[in-house]
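Below is one structure, written out as structure tokens, with a few remarks after it.
Just so it is clear, the structure is predicted and the values come from calculations on it, not from any experiment. The chains referred to below are lettered A, B, ... by the order of the sequence lines, with proteins before strands, and numbering in each begins at 1.
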Amino acid sequence: MTADETAVRETGQDFIRDIVQDDLQSGRHTGVVTRFPPEPNGYLHIGHAKSICLNFGIAKEFGGRCHLRFDDTNPTKEEQEYIDAIQRDVQWLGFDWGKHLYHASDYFETLYGWAEHLIKAGKAYVDDQSQEEMRASRGTLTEPGRNSPFRERSVEENLDLLRRMRAGEFPNGARVLRAKIDMSSGNINLRDPVLYRILHATHPRTGTQWKIYPSYDYAHGQSDAIEHITHSICTLEFEDHRPLYDWFIENLPVPSRPHQYEFARLNMTHTVLSKRVLNGLVTGGHVAGWDDPRMPTIAGLRRRGVPPEAIRDFIKRIGVAKANSVVDAAMFDFSVREALNKTALRRMAVLRPLKVVIENYPEGQVEELDAANHPEDAGAGSRKIKFGREIYVERDDFMENPPKKFYRLSPGKEVRLRYAYFITCREVIKNATGEVVELRCTYDPATRGGNAPDGRKVQATIHWVSAAHAVESEVRLYNPLFANPSPDAGNFAAELSPTSLEVIGDARLEPALAESNASDGVQFERLGYFCRDADSKPGRPVFNRTVGLRDTWAKVSAGGKG
RNA sequence: UGGGGAAUAGUUCAACGGUAGAACAGCGGACUCUGACUCCGUUAAUCUAGGUUCGAAUCCUAGUUCCCCAGCCA
């Protein structure tokens, strides 16, 4: 290998980019054209994001282009709603197909013409066998299939039959057009695959114009060729379709010679990335819709507050290879936190309020304190927060009988109220059942703003909101849909986690949060990243937890090592 | 008993015959007006057995394990 080649190699990040690079370098292609080819039969999910980032990413990196092409060859499953949602999601992810929006249905006439071409070449025939007969004669994984009794029809008869199929003369399932390849092939895809089936259905784009529809295998590669796709990138399960892909390309007068490459699809712990299951979750009412924030759909992640750059970063981190794998969901959370940490403004919110009365603070007095919007970014500015005699703190930030490593509030202990004062817990008030309902504390006026002139330190800083000014809010805490890291997709309903959604009805927010209208993520200090949900009503905002902050204390306390 | 693929730290990827490296997770520490962030340190891997070679994760042979394929779905 020359030094020059070594230098080039270093920019390759995965085996597909290596192939693209080699093809460009060797002159096999002068430019790169890829495509993202969704079937509009469901919403896009994080697994599709991998393919989207790969296809659009490669096009961008190598100065080529990427088409968005709907693989709309099965009108019984496809809907306009999905077509619209897919475009919205790809755009939101940050990719632009420009004017290159296509549909396999754009090529129906050309594909049909090529079907007649195959018949005339003696390479396709109309089969009258029933579905059951075809299955029976296809053979098994270990036994070869048998030729159809209709395999040797004349060109004239085949042409006539195909034309009558197109004209709608036959009912669904009566006949199919098959390629004449090899019924004894070890590769079942080559045992005379179906090219066209009769489907009396309404297509979102072509309406009732067509009575026959091409199969995936017959449509996909030819669509690639028509669009001059150079690298047709798909997932592993299509690996043994490649010989068929190539067979069509070699036997048809196509305008270009695309090549198919396969990579391993994404799998993640605690979720299921299968359109069938996701569809089942929606139609079965297990979730609130395709954009339920617990869903791994792009729409769901967006509603949960995940920024598109976090998804792109995650996809970049997991890489591309041919080995099946399951990515730890913690890796996704990391990308989300990393993206949000940079941009999310800091705010204070108390999820589970515990009232605190500051006994030595003048009754009726209110003052304004400065709070940074982003401690690591002075450019984000600051805001005023109101402080008064009665405040709320987080119930989790108080323990009557704390273990040794509990730094927060407990009887006699002094802590800092973020951006405000040091307070010391003097008294614990309980109700009849023994539940702590209020804390009586004192504050040190000299610590205004959060620093003690005498230099004394406190172990903890806790968040708070002014009771008189706080806005009551609903906060939705999301946890994985499946507690099981590898749920059984075949039995997904039984696998659903009962704690995937926890709704808090009486959270208290600092007023600045009620004013926020944008969907930008905010950090509730010490709690996590949240975003305002569209269900918000005037005076009663609703927030979704996008992801919690890393919580070392939770780990320590859960381990009983306190 | 068919065809097509894949095996490297707990996880996901690198290493393209020449020192097995990163990220996430874990563990320990520093810093801190977020038990966050950041920083530092650290645990931890080539499926097995042969062979070729000065040298093998990489090449060869034989195994093992896992995944995909028998839709008129994609």
Query raised in the report: Which nucleotides of nucleotides 69-74 of chain B have their base under 4.0 Å from a protein heavy atom (B), which only their sugar-phosphate (S), and which neither (-), written as one string 5' to 3'?
Result: BBSBSB
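In this view, T546(A) and V306(A), V336(A), L340(A), Y529(A), C531(A) satisfy the side-chain contact (heavy atoms from CB on, under 4.5 Å) rule, not counting sequence neighbours. For F398(A), there are no ring-ring contact (aromatic ring centres under 6.0 Å, His included) partners two or more places apart in sequence or in a different chain.
Each of A14(B), G35(B), U34(B) was ranked by its minimum atom distance to the side chain of T552(A); first place goes to G35(B). Checking U12(B), U34(B), A7(B) against the side-chain heavy atoms of S325(A) singles out U12(B) as nearest.
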Under 3.5 Å donor-acceptor pairs involving side-chain atoms of residues 326-335 of chain A, not counting sequence neighbours:
from: D328(A); atom 1: OD1; to: A330(A); atom 2: N; distance (Å): 2.9
from: S335(A); atom 1: OG; to: D313(A); atom 2: OD2; distance (Å): 2.8

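Distance K316(A) NZ to A22(B) C1': 13 Å, rounded to the nearest Å. Regarding L244(A), its CG atom lies at a distance of 15 Å from the P atom of G4(B), rounded to whole Å. In this structure, R408(A) atom CZ and A36(B) atom C1' are separated by 12 Å, rounded to whole Å.
A stem is defined here as three or more consecutive Watson-Crick or G-U pairs, each with both distances under 3.5 Å; for RNA chain B these stems are B:2-7 with B:64-69, B:10-13 with B:21-24, B:26-30 with B:38-42, B:47-51 with B:59-63.
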Dump the pairs, protein N or O against N or O of nucleotides 24-26 of chain B, anything under 3.5 Å, distances to one decimal.
from: G26(B); atom 1: OP1; to: K555(A); atom 2: NZ; distance (Å): 2.7

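Aromatic rings of Y196(A) and Y218(A) (six-membered ring for Trp) have centroids within the 6.0 Å cut-off, being under it.
U43(B) and G10(B) are spaced 11 Å apart, taking the C1' atom of each and rounding to whole Å.
Remark: the D18(A) side chain and the C16(B) base include a donor-acceptor N/O pair separated by less than 3.5 Å.
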